[in-house]
Amino acid sequence: MPELGSGVDTSEAAAAGSTDSEIAEALEIAQSASGEREIDLVSEEAKSGSESRAEANAEPDGPVVDAATLKSRKAFARRQWRRRWLAWRHLIVGTLVIALLLGGIWAVYFSTWLQVKGTSAHGTMKMTSAKEVVEFAAAPIGEPLATADLEAVQVRVLNGLPMVRSVNVSREWPDKIRVDVTERTPVAVVSIGGRLRALDETGTVFWSYKKAPAGLPMVNTVTGTNSAALREAAAVASALPADLAKKVDHVEVTTVDSISLELRNDKRVVWGSSAQSDTKADVLVALMKAEPDVARYDVTVPGQPVTSKSVG
């Protein structure tokens with residue numbers, strides 16, 4: 001019995017010893033895990049501290065920029081911008097100029113805005129009218145005003161209206177041709193083919209009269225009188241002062257060197273050619289005052305005038 005009791009005790013002791021061993025092993029494992037955790041925490045703290053120190057000791061990503069350097073960089077950037085703008089500005093201005101030129105060419109030569117739409121007549125017109133000037137001008141309606149033939153307009157007016165002495169044709173923008181006319185001034189009246197015609201200082205016959213106007217001397221011609229002789233007679237008539245012209249009944253012209261004046265009081269003036277006509281007129285006026293009773297004055301040579309009691 002004692003042996004059986006002893007066996008039982010041995011088994012329980014063995015069981016108790018086994019339990020104690022397991023408990024001791026579990027405690028060792030727990031202590032080991034706790035130690036490792038402490039080590040890990042220490043490592044993390046060390047690592048974190050190391051990183052903080054590294055960050056604190058680390059240099060900035062780039063160099064520190066002071067205010068002067070920053071100002072210099074901004075000024076440089078502005079200069080760069082200005083240079084780029086200057087380059088682009090020339091290109092932009094050039095483009096605008098080309099566009100304007102092309103637009104101007106189109107407007108002047110191809111648009112209806114600057115086409116000829118009419119004619120305006122200007123000037124002191126006593127023998128003609130603005131309507132006649134416009135009619136003979138025959139402006140090229142519908143053509144570009146810039147290329148209208150102004151010389152052709154001038155020729156048409158001069159050829160169609162003999163009473164017009166000169167014509168100035170110009171462009172009246174945006175759409176008209178302007179015609180400025182200067183009429184001839186009659187200095188005498190000449191009878192040609194039974195008709196009374198006006199004669200200007202150049203000897204041009206340009207107007208018809210039903211009755212000779214007062215104040216204009218007549219020019220009488222002989223058969224064979226040419227245009228040169230008419231020009232000489234016209235030059236003499238235009239040189240006469242108004243008071244003297246009123247006393248002239250007519251101008252006799254045979255040749256360019258044979259011109260005379262027939263006064264209304266039946267006195268005669270031998271004039272010669274038209275040379276020195278102004279001087280001859282002054283001498284004649286003085287002679288008529290100094291010698292009013294003579295019948296004939298000869299001013300062919302104005303420096304040596306001759307008077308006579310008889311007309312012949």
Side-chain angles (χ1 to χ4, degrees), residues 124 126-128 162-166 182-312:
T124 302
K126 296 180 179 180
M127 292 171 282
T128 185
M163 71 287 296
V164 175
R165 179 180 179 181
S166 63
T182 301
E183 291 186 334
R184 298 181 185 277
T185 301
V187 297
V189 179
V190 61
S191 178
I192 299 177
R195 298 172 59 190
L196 297 177
R197 306 293 301 278
L199 191 69
D200 75 351
E201 61 184 0
T202 65
T204 302
V205 177
F206 62 92
W207 189 253
S208 295
Y209 294 110
K210 292 181 179 179
K211 183 182 178 180
L216 290 180
M218 286 286 301
V219 174
N220 291 343
T221 62
V222 298
T223 303
T225 301
N226 57 25
S227 58
L230 277 179
R231 283 196 298 271
E232 291 292 301
V236 172
S238 63
L240 299 176
D243 292 341
L244 180 58
K246 293 177 181 178
K247 299 176 182 179
V248 177
D249 180 73
H250 63 273
V251 179
E252 289 280 352
V253 54
T254 305
T255 65
V256 293
D257 297 321
S258 181
I259 300 172
S260 60
L261 308 180
E262 298 296 330
L263 305 182
R264 297 186 188 279
N265 56 5
D266 296 328
K267 294 183 179 183
R268 183 180 181 84
V269 180
V270 180
W271 199 271
S273 69
S274 65
Q276 296 182 289
S277 286
D278 292 337
T279 304
K280 292 177 181 180
D282 293 338
V283 171
L284 178 58
V285 171
L287 284 175
M288 291 175 68
K289 290 181 179 179
E291 302 182 49
D293 297 330
V294 300
R296 185 174 182 271
Y297 304 93
D298 189 337
V299 292
T300 303
V301 181
Q304 298 177 341
V306 178
T307 59
S308 175
K309 294 291 184 179
S310 61
V311 176

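Side chains are part of it too, since the values below use all heavy atoms of this structure and drop only hydrogens, waters and symmetry mates.
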Non-hydrogen atoms of Trp207 and Met163 that approach each other most closely: CZ3-CE, 3.4 Å
Reported CZ-to-NZ distance for the pair Arg264 and Lys247, which is rounded to 0.5 angstrom: 11.5 Å
Nearest heavy-atom neighbours spanning Val294 and Ser308: CB-O, 3.5 Å
Side-chain touch Val253/Glu232, heavy atoms, less than 4.5 angstrom: no
Val189, Val190, Asp200 screened by side-chain contact (heavy atoms from CB on, under 4.5 Å) with Val205, the one that passes: Val190
Neighbour count >12 (heavy atoms, 6.0 Å) for atom CZ, Arg197: yes
From CG (Leu240) to CG (Asp243), nearest 0.5 Å: 11.5 Å
Minimum heavy-atom distance between Ala281 and Ala239, given as atom pair plus value: CB-O, 3.9 Å
Which atom of Val219 lies closest to which atom of Ala188, heavy atoms considered: CG2-CB, 3.5 Å
Heavy-atom closest contact (Ala233 atom, Val251 atom, distance): CB-CG1, 4.4 Å
Main-chain N/O of Glu291 paired to Tyr297 side chain as donor or acceptor, under 3.5 Å: yes
Side-chain heavy atoms of Trp271 within contact of Leu284, under 4.5 Å: yes
Inter-residue atom distance Thr307.OG1 - Arg296.CZ, 0.5 Å rounding: 10.0 Å
Shortest non-hydrogen contact between Val236 and Ser277, atoms and distance: CG2-OG, 3.9 Å
